[in-house]
Amino acid sequence: MDSFTGNCLCGSISYQSSSKPKLMMNCHCMDCRKASGGPYLANVFIDEKSFKVKGNPKSFKHTSDKGSTMTKYFCENCGSQVFGKNSARPGSVTIRGGTINETDVIQPSINLFVNSKIPSTPINKDLKTFSKMPN
């Protein structure tokens with residue numbers, strides 16, 4: 001599938017990607033767990049040029065463990081985190097997998113920060129696994 005759509009819970013923020021994902025990973029770091037409210041976060045990386053947003057998301061910035069600026073975009077009405085950007089990855093947008101409408105798009109190939117995962121969270125052993133962010 002070369003394009004996909006998504007939205008927040010209430011529909012105030014929606015988006016379309018006109019390209020297929022470049023990379024998909026399940027992140028088990030504490031920041032992703034806290035931001036998503038789940039045991040891990042499925043991140044779907046796309047080219048920013050192919051990304052169109054409708055609505056006016058709010059943002060929250062923080063610093064990653066590597067020192068880059070992470071900006072998370074969310075709906076001020078329902079609170080859903082929809083996408084993010086990382087200053088270390090210019091030109092990329094990270095879509096939150098749970099917001100994607102065409103769920104067959106979500107096919108992660110990596111588990112990250114598995115040393116931080118919640119012990120009871122099962123992980124797919126067929127995926128590449130990293131204890132932290134690879135260089």
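Just so it is clear, the model here is predicted, and its values are computed rather than measured.
- Note that OG of S3 and CD1 of I46 are 11.0 Å apart. Values are rounded to the nearest 0.5 Å.
- Other residues, nucleotides and ligands contribute more than 12 heavy atoms inside 6.0 Å of the NZ atom of K22.
- Distance check: C32 SG to Q81 CD gives 7.5 Å after rounding to the nearest 0.5 Å.
- The CD atom of E76 sits 4.5 Å away from atom NZ of K58, with the distance rounded to the nearest 0.5 Å.
- Side chain of T129 to backbone of L127: a donor-acceptor contact under 3.5 angstrom is found.
- Taking all atoms of both residues into account, the shortest heavy-atom contact from V93 to K85 is CG2-CE, 4.1 Å.
- In this structure, S80 contributes its side chain and C8 its backbone to no donor-acceptor pair below 3.5 Å.
- Residues T94 and N86 fail the side-chain proximity criterion, which asks for heavy atoms closer than 4.5 Å.
- Between I123 and K117 there is a side-chain heavy-atom pair separated by less than 4.5 Å.
- Between the side chain of R89 and the backbone N or O of F45, no donor-acceptor pair lies under 3.5 Å.
- The side-chain heavy atoms of S14 and T5, taken from C-beta on, include no pair separated by under 4.5 Å.
- Environment of CG in L9: sparse, with no more than 12 heavy atoms of neighbouring residues, nucleotides or ligands closer than 6.0 Å.
- Once rounded to the nearest 0.5 Å, the distance linking CD1 of I95 with CD1 of I100 reads 6.5 Å.
- Between N43 and R96, the closest side-chain pair of non-hydrogen atoms falls below 4.5 Å.
- A distance-only check finds a donor-acceptor pair linking the side chain of S64 to the backbone of K66 [under 3.5 Å].
- Side-chain atoms of D47 do not come within 3.5 Å of backbone N or O of K49 as any donor-acceptor pair.
- Pairing each heavy atom of N111 with each of N124, the nearest pair is ND2-O, 3.6 Å.
- S116 approaches C29 most closely through the heavy-atom pair CB-CA, 4.2 Å.
- One distance of note links CZ of F4 with OG of S19; it measures 7.0 Å at 0.5 Å rounding.
- Grouping the Ile, Leu, Val, Met, Phe, Trp and Tyr side chains by contacts below 4.5 angstrom, directly or via other members, places M24 apart from M70.
- Between C78 and C10, the closest heavy-atom pair is SG-N, 3.6 Å.
- Screening F113, F130, Y40 for a ring-ring contact (aromatic ring centres under 6.0 Å, His included) involving H28 leaves a single residue, Y40.
- For the pair F83/V53, a side-chain contact is recorded, criterion being any heavy-atom separation below 4.5 Å from C-beta on.
- The hydrophobic cluster containing Y73 does not contain L41, counting ILVMFWY residues as joined when their side-chain heavy atoms lie under 4.5 angstrom apart, directly or transitively.
- With a 6.0 Å radius and a threshold of 12 heavy atoms from other residues, nucleotides or ligands, N56 has its CG atom at or below the threshold.
- Clustering ILVMFWY residues whenever any of their side-chain heavy atoms sit less than 4.5 angstrom apart, transitively, puts I13 in the very cluster that holds F51.
- Across all non-hydrogen atoms, the minimal contact from K132 to L112 is O-CD2, 3.7 Å.
- Taking each heavy atom of F74 and G79 in turn, the nearest pair found is CB-O, 4.2 Å.
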